Amino acid sequence: MQDRYEPRSVEREAQAFWDARRSFHAEEDPARPKFYCLSMFPYPSGKLHMGHVRNYTIGDVLTRTHRMRGYNVMQPMGWDAFGLPAENAAMANKVPPAKWTTENIAYMKAQLKGLGFALDWQRELATCTPEYYRWNQWLFTRLFRKGLAYKKTGVVNWDPVDQTVLANEQVIDGRGWRTGAPVEKREIPMYFLRITAYAEELLGALDGLSGWPEQVKLMQKNWIGKSEGVRLAFPYRLDGEDKRLWVFTTRADTLMGTTFCAVAAEHPIAAWAAKRDARLAAFVEECKQGAVMEADLAQLEKKGMPTRLTVTHPLSGKELPVWIGNYVLMGYGEGAVMGVPAHDERDYAFARKYGLPIPCVIRHPAGDDVPEPWKPEYAGYGTCINSGKYDGLDYQAAVDAIAADLQAKGLGEKQVQWRLRDWGISRQRYWGCPIPIVHCPSCGDVPVPDEDLPVKLPEHLVPDGTGNPLAKMPEFYDTRCPSCGNAARRETDTMDTFVDSSWYFARFACPDQERAMLDQRAKYWLPVDQYIGGIEHAILHLLYSRFFQRVMRDEGLLAISEPFTHLLTQGMVLAETYYRDTPQGRREWVHPSEVQVTRDAKGRIESARRTNDGAEVVFAGVGTMSKSKNNGVDPQALIDKYGADTARFYIIFASPPTNTLEWSDESVEGSFRFLKRLWAYGAKLHGAATAARGAFDRAARLEVHSVLKQANYDLGKHQFNTVASAAMKMLNALEKLPGRTPAADEGFSILVRVLAPITPHICHHLWRALGYGEDVLQASWPEPDPAALEQDEIEYVVQVGGKTRGSLRAPKAADQKALETLVQTSEVAQKYIAGKPVRKVIVVPGRLINVVI
RNA sequence: GCCGGAAUGGCGGAAUUGGUAGACGCGCCGGACUCAAAAUCCGGUGCCAGCGAUGGCGUGUGGGUUCGAGUCCCACUUCCGGCACCA
C-alpha cells in the first residue's frame, strides 16, 4: 500500500470493481427483505449542482448501510427531462430542446458515476422518451373515460405582446419577462385531473404515514384544507327572475352580522353589472390586470366597487348591497362571500374603507363592540349577541340552529369545503408530453385509442417565445377523428411536468416493460421504502404522487395506496455572498472563491478583498447558491481537486441532512485532511507486524465501541453528520495505540465499515489492503460489543441547588442511598452546602446527583 | 397576506429527548520539523474580570413552569421554504 492518498486512482479502481461485478444491479428476491431507496430524480439542467450532490449522497448512505444490514436494495436513477428550461435554452442557443436535454443527461450521468453512487443504471429512464410518456397518455385516457380528467376553463398569465401564456416564474413584478408588458389574466379551456375526488382519502391517510416528518404532513393537511361550514343563498330578483347568490362560510354563527356580499371579478354577477355600468366594467378590467399568483393576490390592497344589485338576507330579510371585491377568489368556494365586518379581518378593512356598517354579533373578551384598530379577538369564537333568536348561543349551537333554519327555507345546508383545487395539467408549451385528445367537430373531445399511442412529440422544433410551436405545425395537429374518421384537430397542449414525476418511482421497477405501464415487478419493489428530496417539494410533488398512486391502485395496477413509506426532506445548500458597489453605482457580486478574508486574533472577519485587484468587498451573509449572487460552487471543481470521497464526506459532515448547509471551502480542506489521516493510519497498520494485546487496548476498545453505539443510534435518526464525527473520534482513539494490536485491527475494521457508506472508494481500498475481506459491500454492519462497554466506576455530576459544582466517582453498583451518603460527605458538595440544611437529594441513575438546600 | 420551519462560541454543528452547554471539525493563537515555504505533528481556544487560584455571565428577545430549561409553556423578532404554470 502506498503512503500517499491519491483519490483519483483509488476512486477509478473502486468504480471499475463495482462495474465489473455489477455490484448495484438489483433483482427481485423474495427471500430477503427489500429496500427501495429513491432520491428525487434531477431535472437535466446542464450539470450537477450542490443540492444534487447532497441529495444523492444522503440516498447513497442509506442505500449502502441497508445493503450491509442484509437488505435487498434497489436504488435507481432517471431524468425529469421535460420542462421550461430546455425551451429557454433552445431559444438562447437555437438548438432543439431534445438535443440540449440529451447532451445534459450524458454529462450529468458521467458526473453521477464519478461520485460513486450505488445506482442500478440498468433501470435508467427519462420522462421525455416515448417509451415513458406513452404511459402518461395511456393513464390520462383512462382517467378521461372515467371522468377523473375533464375540461373546463382555467385562468393563466397572458403576455399581450408575445401573445403567449407565461409561467408564474416568467412574470416579474407583474410584467412579462421578455416583453416587459403588464401581464393580464386570461381564461382558456384546460384539462383538469379530479384530485378533489381523493381529498378525503389524501387527508385521512396522512395520519398513517408514520415515516413522514410531521411538518410535511401538517403542510399537506393545511393545503388540502378541509373546512366544515355552511353553503347558503342570498335570494335576489334580476330581469324578473328569482335567483340566488350562493356563498360558503365557516362562520355561519356570524350570519346576522352580514352587511354586504362581495363577488369575484370573474363572477357572473360582476359580468352582468359591468354591462350596465362603465365604471364597473373598468374596475372588472382592472381586476384582470396582473398575474394569477396567490401570493400576489393576497397582498393586493383590498379594493371594491358596489353594484346596483341588492340581495336579501336569508334570515333577517334585510336588503344587502352586492360589491365586487378584488380579494374574492373565483377558484375557492362559490366565488362569492358574505361580508361580516365585525368578525373577519378582511371584511373589517373593507367595510372601514367603504363606510359599510360593522355591527358586532359575537361577544369577545374585550367587550361587545369592535372599535378600531382591528384586534384578533374580534374573529374569535363567542356567544351570539344582537342576533335575535340566536342570542346566547355558542358557536356550535348557533351554527346548528342557523343551518337548520336555512335548510327549512331551502336556502342552505351544512357542507364540507376543500381548499384543494382540481389539478390543471394543460400547458401551452412544446417540450412536454402531448395530451392524447383529438377534437372532432361532430364527436367532441375523443381520447386517442391505445393502439395509436404514444402521440409522439416532434423532436426537431425550436420554440421562439411566441406560443407553442406545435400549434403552428399542421403536420402535428391535422388528423382524423378516431371515432368517426372525419378531419379533426389534435390537441396541441402538453402536460404539466408534475404528471411525469407523479409515477416515475413505480416505473423504475419495470422500465423495460413495453406492453404495460407496470408489471409484477412493481408489486415486489413498491412502495418506496425511503424517499429523499428537497423540502421545497413538501406539498405539490408529494401530494400529486400520493394522488397518482391511488389512481394507479384504482386502475388495478398496484394494491398499495401510499407511494413512500419513509420520507427525508433535505435542507438547501447555501454559500457566502460578497459584493462591491462600483463607482458607477452598480452592485457587483464577487464569487467567494475570489475573496481573501482577513481575520482578527479571534478569527472574526475583519475585512474582505478581491484577490486579483485588492478591491474591498462587503460580506453580505449567506444565501442560496444562485447566478444572480454569483455564489454557486461547482461540485465538479471540488471533485477534481479532492476527489468524490472528500466531497461526499464534507457534505455529510457539515450539517444534519434536514438543515440548510452553509458552504465553506476551508471546512472542505478539513474533510480532505481527515481522509489523508485515515489513509496514513491504514498504511501504517498495513506496514506493521501484528503485535500481541497491548496495555492501551482496553481503553481503545471502550472508546471505539461506545462511539459505535452512539453512531448506530444517530444512524437510526438519520443524523449522519455525527456518524461522520464518530468516525473521526474512532481514528483519534486508534492513533493513540502504539502498534498493530488486536484492538487496532478490530477498531479499524469497525471504522472502515462505519465510513464505507459515506466514503465508499477509500474504504473499499482499505478494507482489501488490510485483508479484512474482499469487498466491504459484502461486510456486515458493526455492532458494539457489550463486554467492551463494561465499566466498574461511574462518574457522577454533582450539583448543589441545581448548579453544577463538580463530579465524583462512584462504584457502578452504588444505590440511591449510598450515593446520597457519598455526596454529602464529599468535599465538592461540602464546600457549597456550607452547613445549610439539605432538603432532598435527587439522583439521576448513572448521571447526576443534585443536592437541594 | 396565508401555511410550514429555523435561531447555540469567530464559523459548521453536538448535547443519549428535562440532567456537566459547546462533542467532532473549521478558523484563530502558540510550539515542533524546515535554509524557507507547503504538508505534517503537538498544545491552547465560549464571553467578561483577574498574574493566578477563582468568580460572574452565557443557547435570537421578554416572561413563565421546574431541584434543574438549549430542550416544556406563553408573547415577540429576524431569517428560510411553499403558495397550485420553476423543478
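Remember, predicted model here, so these are calculated numbers, not experimental data. Protein chains get the first letters and strands the later ones, always in sequence-line order, with residue 1 at the start of each. Below, all heavy atoms of this structure are taken into account, side chains as well, without hydrogens, waters or symmetry copies.
- Put simply, CE on A:M190 is 7 Å from P on B:C85, counting in whole angstrom units.
- In this structure, the side chain of A:D493 does not engage the main chain of A:R429 through any donor-acceptor pair within 3.5 Å.
- Here B:C24 presents its P atom at 15 Å from CG of A:D714, a figure rounded to the nearest Å.
- Only the C1' atoms considered, B:G70 is 14 Å distant from B:G46, to the nearest whole Å.
- Here A:V165 lies in heavy-atom contact (under 4.0 Å) with a base.
- Taking atom P on both nucleotides, B:C79 is separated from B:C73 by 24 Å, rounded to a whole Å.
- Nucleotide B:G56 carries an anti base; the chi torsion (O4'-C1'-N9-C4 or O4'-C1'-N1-C2) is more than 90° from 0.
- A residue-by-residue look at A:T660 and A:E669 shows that A:T660 has its nearest nucleotide of RNA chain B further toward the 5' end.
- Among the heavy atoms of the strands lying under 4.0 Å from A:L848 is at least one base atom, whether or not backbone atoms are also near.
- Among the atoms of the strands shown, only primed sugar atoms or phosphate atoms (P, OP1, OP2) are found under 4.0 Å from some heavy atom of A:N168.
- Taking the P atoms as reference points, B:G63 lies 25 Å from B:A49, given to the whole Å.
- At the heavy-atom level, A:H541 lies nowhere under 4.0 Å from the strands shown.
- Put simply, CG on A:D3 is 14 Å from C1' on B:A39, counting in whole angstrom units.
- Separation of the A:F82 and A:Y133 ring centroids falls under the 6.0 Å cut-off.
- Not one side-chain nitrogen or oxygen of A:N721 sits closer than 4.0 Å to the OP1 or OP2 atom of B:G12.
- For the C1' atoms, the distance linking B:G4 with B:A21 amounts to 29 Å, nearest Å.
- Using a 4.0 Å heavy-atom distance criterion, A:L297 is classed as making no nucleic acid contact.
- Summarising the geometry, the separation between CH2 on A:W212 and P on B:G4 is reported as 17 Å, rounded to the nearest angstrom.
- By the 30° and 60° cut-offs, the orientation of the rings of A:F653 relative to A:F649 is parallel.
- Spacing between B:G13 and B:C26 at atom P, rounded to whole Å, works out to 16 Å.
- Using a 4.0 Å heavy-atom cutoff across all strands shown, A:R346 reaches no nucleic acid atom at all.
- Here the closest non-hydrogen pair linking A:K353 and A:K302 is NZ-O, 3.0 Å.
- Nucleic acid contact class of A:S664 (heavy atoms, under 4.0 Å, all strands): none.
- Secondary-structure stems of RNA chain B, taken as three or more successive Watson-Crick or G-U wobble pairs (i with j, i+1 with j-1) under a 3.5 Å distance threshold, comprise B:1-7 with B:77-83, B:10-12 with B:24-26, B:27-32 with B:40-45, B:46-49 with B:54-57, B:60-64 with B:72-76.
- Ring geometry for A:F41 versus A:Y504: interplanar angle under 30°, hence parallel rather than tilted (30 to 60°).
- When heavy atoms are screened at a 4.0 angstrom cut-off, A:F498 is found touching base atoms of the nucleic acid.
- Separating the OH atom of A:Y327 from the C1' atom of B:C83 is a distance of 20 Å, rounded to the nearest angstrom.
- Anti is the conformation of B:U59, whose glycosidic angle sits further than 90° from 0.
- Along RNA chain B, the nucleotide nearest to A:V797 and the one nearest to A:R847 differ in position, and the one closer to the 5' end is contacted by A:R847.
- When heavy atoms are screened at a 4.0 angstrom cut-off, A:S426 is found touching base atoms of the nucleic acid.
- Put simply, CH2 on A:W423 is 11 Å from C1' on B:A84, counting in whole angstrom units.
- Judged by the 6.0 Å distance and 45° axis criteria, A:R4 is not positioned over the aromatic ring of A:W679.
- Side chain A:N222 to base B:C3: no donor-acceptor pair is found below 3.5 Å.
- Rounded to an integer number of Å, the gap from A:F720 CZ to B:G25 P is 21 Å.
- Counting only heavy atoms from C-beta outward, the side chains of A:Q220 and A:L542 approach each other to under 4.5 Å.
- In this structure, A:K676 reaches the sugar-phosphate backbone alone: every heavy-atom distance under 4.0 Å involves primed, P, OP1 or OP2 atoms, never a base.
- Closest approach to the A:L84 side chain among B:C26, B:G12, B:A87 is made by B:A87 (side chain taken as heavy atoms from C-beta onward).
- Taking atom P in both B:A69 and B:G56, one finds a spacing of 16 Å when rounded to whole Å.
- In A:K709, the NZ atom is not crowded: 12 or fewer heavy atoms of neighbouring residues, nucleotides or ligands sit closer than 6.0 Å.
- When the P atom of B:A87 is taken as reference, atom CG of A:N55 falls 17 Å away, rounded to whole Å.
- In this structure, A:K152 satisfies the cation-pi test against A:F192, with its NZ or CZ atom closer than 6.0 Å to the six-membered ring centre and inside 45 degrees of the ring normal.
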